[in-house]
> 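Mind having a look at this structure? Questions to follow.
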2 protein chains.
Amino acid sequence: MTGNTRFAASVHMLAYLAYRQGAAVPSAEIASSVDTNPVVIRRLLSALVKAHLVTATKGVTGGFSLASTPENISLRDIYRAVEERPHRGLDHFVPNHKCPVGAKIGTILHGIYVKAQASMEAELARVTLADIHQQLRPVCTGKH
Amino acid sequence: MTGNTRFAASVHMLAYLAYRQGAAVPSAEIASSVDTNPVVIRRLLSALVKAHLVTATKGVTGGFSLASTPENISLRDIYRAVEERPHRGLDHFVPNHKCPVGAKIGTILHGIYVKAQASMEAELARVTLADIHQQLRPVCTGKH
DNA sequence: CTTAATGTAACCACAAATGTTACTATTTGG
DNA sequence: CCAAATAGTAACATTTGTGGTTACATTAAG
């Protein structure tokens, strides 16, 4: 699993928590579903805990569970929690400011990125974890 | 200039060609405006030529120019020309198919990506090179 | 106390993008 | 025909981001 899979993996993880219906799920179990390392899972979940989408409990019986009902968690919430700097593409775009075009294109592009992303996020906002949980049916409920 | 700047750089390049009003502009001049290597410019322009957004002429007086009027070139055209596989994020996302969630989440996520991107592209389609050229004013016309 | 869990730091490995060099083919103009 | 300037492209180096891994401190249950 390489490349930028933060968002996809996060949706998968939260869908798994919804599927486990409030149980405290350890990172190792989630890692098995996503097929990656538990530390990778915990790193991503750390961001989701900070965004108050997930709660974590330590100790032997600890694990992760949704901080809210699936209906109240949209994919936009998840996106914003794990993709902190979506305009990263512009971070290292530093044209020649001595050129009239290079001097102004950065500002123009920034406005375009903002609008394009707002449009995309509006689409993500229309889907909730409950919708995804619904699409996962028919499926046996509980731990596999 | 690092990271994924293909789209931003391409918009810059085509804006520069619009600014130069149909002249045959050599890659070195564009590279100066973008502040990068001429080969990088030619590589990106190669994709834009294949998409019929730009024409190239070889030889001493050669260079690049727009294949159409700025009004007829939208940012969506540019995006599609240089970002061939925008769902690349999902390419390497390979969950555990033995898990009921892992088995189905890929298809669900794919549908979400398609919709989110369509929404973003619709926004990009609303902006043309003519709009950008307009925003670049006031600016002296011609070679700097 | 033992055990199983989170939380993180530190590092390694790999992939993808950009930057660079070098070369060929083409076209213009003397 | 030749010289100069250009596109086109292959090959390689460099950089950067991401995921994977190991290790360890902390916490809580029984």
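Not measured: the values here are computed from a predicted model. Proteins get letters first, then strands, A, B, ... in listed order; numbering begins at 1 in each.
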> Sequence neighbours excluded, which residues qualify as ring pair (Phe, Tyr, Trp, His ring centres under 6.0 Å) partners of B:His97?
none
> What integer distance in Å separates A:Phe7:CZ from D:dG19:C1'?
19 Å
> How many Å lie between CZ on B:Arg6 and P on C:dT18, as a whole number?
6 Å
> Restricting to pairs with a member in residues 36-51 of chain B, which pass salt bridge (charged side-chain N to carboxylate O under 4.0 Å, His left out), not counting sequence neighbours?
none
> Is there a side-chain contact between A:Ser33 and B:Asn96 in this structure, where contact means two heavy atoms from C-beta onward sitting under 4.5 Å apart?
no
> Under the salt bridge (Lys or Arg N to Asp or Glu O under 4.0 Å) test, which residues partner B:Asp131, sequence neighbours left out?
none
> With no hydrogens and no angle check, do the side chains of B:Thr5 and A:His92 hold a donor and an acceptor under 3.5 Å apart?
no
> Where the side chain of A:Pro26 is defined as all heavy atoms beyond and including C-beta, which of D:dT6, C:dT6, D:dT21 is the nearest nucleotide?
C:dT6
> The criterion is side chain to side chain contact (heavy atoms under 4.5 Å, CB included); which residues satisfy it with B:Ala103, sequence neighbours excluded?
none
> For A:Phe64, what residues pass the ring pair (Phe, Tyr, Trp, His ring centres under 6.0 Å) criterion, not counting sequence neighbours?
none
> Using whole Å, report how far CG of A:Asp35 lies from C1' of D:dG20.
12 Å
> How many whole angstroms separate atom CG of A:Leu45 from atom C1' of C:dT8?
14 Å
> For residues 66-79 of chain B, which residue pairs pass the salt bridge (charged side-chain N to carboxylate O under 4.0 Å, His left out) check, not counting sequence neighbours?
none
> Using only modelled atom types and a 3.5 angstrom limit, is any donor from either the side chain of A:Arg43 or the base of D:dG20 paired with an acceptor on the other?
yes
> Taking only residues two or more places apart in sequence or in another chain, which ones pass side chain to side chain contact (heavy atoms under 4.5 Å, CB included) with A:Ala116?
B:Met120, B:Leu124
> Nearest whole Å is fine: how far is D:dA5 P from B:Ile41 CD1?
20 Å
> Would you say a side-chain N or O of B:His92 is under 4.0 Å from OP1 or OP2 of C:dC14?
no
> Dot-bracket for DNA chain C, 5' to 3', with Watson-Crick and G-U pairs under 3.5 Å, [ ] for crossing pairs and | for other-strand pairs: what is it?
||||||||||||||||||||||||||||||
> If I take atom CD1 in residue A:Ile30 and atom C1' in nucleotide C:dA4, what distance separates them, rounded to the nearest angstrom?
15 Å
> Just by protein heavy atoms under 4.0 Å, how would nucleotides 21-30 of chain C read 5' to 3' in B, S and -?
BB---BBB--
> Hey, does B:Val25 reach any base, or is it just sugar-phosphate, or nothing, if we go heavy atoms under 4.0 Å?
sugar-phosphate
> Examine C:dA17: is either OP1 or OP2 under 4.0 Å from a nitrogen or oxygen in the side chain of B:Thr5? Give yes or no.
no
> So, OP1 or OP2 of D:dG20: does either fall under 4.0 Å of a side-chain N or O from A:Thr36?
yes
> Nearest whole angstrom, please: distance from the P of C:dG7 to the CG of A:Leu44.
13 Å
> Does a side-chain N or O from A:Ser27 land closer than 4.0 Å to OP1 or OP2 of C:dT6, or not?
yes
